[in-house]
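In what follows, chains carry the letters A, B, and so on, assigned in the order in which the sequence lines appear, proteins first and then strands, with residues in each chain numbered from 1.
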Amino acid sequence: MNIRRHSVVAVLGVASLLVLVGFAPAASGEEATKRQTALTARMTIKVAHPDKARAAILQETKAARGFPALISGAHVRLKVPPEALNALLPKIAAHGLVLDKAMERVDLTQTISQLEAQLRSKTEILERLRGFLADSNVTATLAIEQQMNTLVGELERVKGELRVQRERSQWAVIDVSFNFEKRDRIIYVESPFGWLNTIDLRRFLWQF
Amino acid sequence: MAILMTRLVLASCAAALVASTSVACGPTYTMTPPNTFKRFEKARDFKLMTADGVALKAREVENYPRADLPFWVDALRRHLEARGYVTKGSTCFKTLKRVDGCTLDFLLPHGAEDWVMSETLFIIGKRIVIVEAAGPFDRFARIEADLKQSLTTFDPGD
């Protein structure tokens, strides 16, 4: 009985440590997974008719098996399969004058692998704790249940985080703005040619 | 006699004042504007505007240091791009009187809207004549083609 109690205490101690630290070493013998990447493209285009352009872009997104994640007056956020991104971007650009474009690529492989390993480890520990419930006294049962509750909370957090990261790698995001995003981009620069310093929109309107 | 002389002097001064005022009214520009633009006939300056707020005005500056049209077009583009304006396009053309001109269009945020600012330059010896037009992007787009056509009729005067 003493040995079993010591075993329960030892497992509880290890479980507590793992929950606190959040460390879960990857299982040995895992094969290298395919690289998982989050792709985000940002584009600012000026169009004469934003409503028409938006409708056309949404049609093109649908044809590329994507969907709109956000639609507003001057901004649309689209999600498309990563393999459709390169073909769709020039179609969107063709609707107007491209003022700005950028592409961001984030490698999520390590993050997803670590989350999957954490999920496996915590699930294993949870199963082991469950196994001790049958033979434990009241005090030990309460202690085990407390640890299990904490573990379940941790598992849900890890599952949620894993879902988010997998979603990021499964869908490429295209952010399209119809207006300048940075509204304070105009700065004052002194030109050595005096009259060039009089070329300014605010000045033109004020002196009109 | 003294009174007569004084009156003659005063009359001469008045005439000279009128003449100098006439000369100081500024150069006379002419242009056949698009139908949507209306001229401020009583204004000293050559300025026009559409009903929805697209404005056009011509002025001139000294061509100093003395340079040609390509130089000033390049300098203007570089200066405004350094300030954050985005070049929308540029066109060079000849007016009906065979005067060379170049138009540069720029985009920039202004308040809650994005605006187009159009700068057309003519180099006339010691003068640089600048025809400036500006308006919100969607409103400017409506008159853009007509304005480009009208600029070919612009006469910067001698």
If the condition is ring pair (Phe, Tyr, Trp, His ring centres under 6.0 Å), which residues does B:His110 pass it with, not counting sequence neighbours?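 Counting only residues at least two positions away or on another chain, B:His110 forms a ring pair (Phe, Tyr, Trp, His ring centres under 6.0 Å) with B:Trp115.
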Note to self: Among residues at least two apart in sequence or on other chains, which ones pass ring pair (Phe, Tyr, Trp, His ring centres under 6.0 Å) with B:Phe71?
What the structure shows: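 Listed in chain order: A:Phe193.
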The complete set of disulfide (SG to SG under 2.5 Å) pairs with one or both residues in residues 40-121 of chain B, sequence neighbours excluded, reads B:Cys92-B:Cys102
> Side-chain donor-acceptor pair under 3.5 Å between B:Thr91 and B:Thr103, yes or no?
Replying inline: no
Non-hydrogen atoms of chain A under 4.5 Å away: do they reach the side chain of [X], the backbone, both or neither?
X        : result
B:Glu132 : both
B:Arg139 : neither
B:Phe137 : side chain
B:Phe40  : side chain
B:Leu56  : backbone

*asked:* If the threshold is 4.0 Å, N to carboxylate O, is there a salt bridge linking A:Glu154 and A:Arg157?
replied: yes
Practice item. Could you tell me whether B:Glu144 and B:Lys88 make a salt bridge, using a distance below 4.0 angstrom between a side-chain N and a carboxylate O? Key: yes
Taken to the nearest 0.5 Å, the spacing of B:Arg39 CZ from B:Lys47 NZ works out to 11.0 Å
* Top contributor to chain B contacts, counting heavy-atom pairs under 4.5 Å, from A:Asp100, A:Asp184, A:Ile186, A:Thr198 ->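 With the most close heavy-atom pairs to chain B, the winner is A:Ile186.
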What residues of residues 37-64 of chain A sit under 4.5 Å from chain B when only non-hydrogen atoms are counted?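 Within residues 37-64 of chain A, the residues that come under 4.5 Å of chain B (heavy atoms only) are A:Lys46, A:Val47, A:Ala48.
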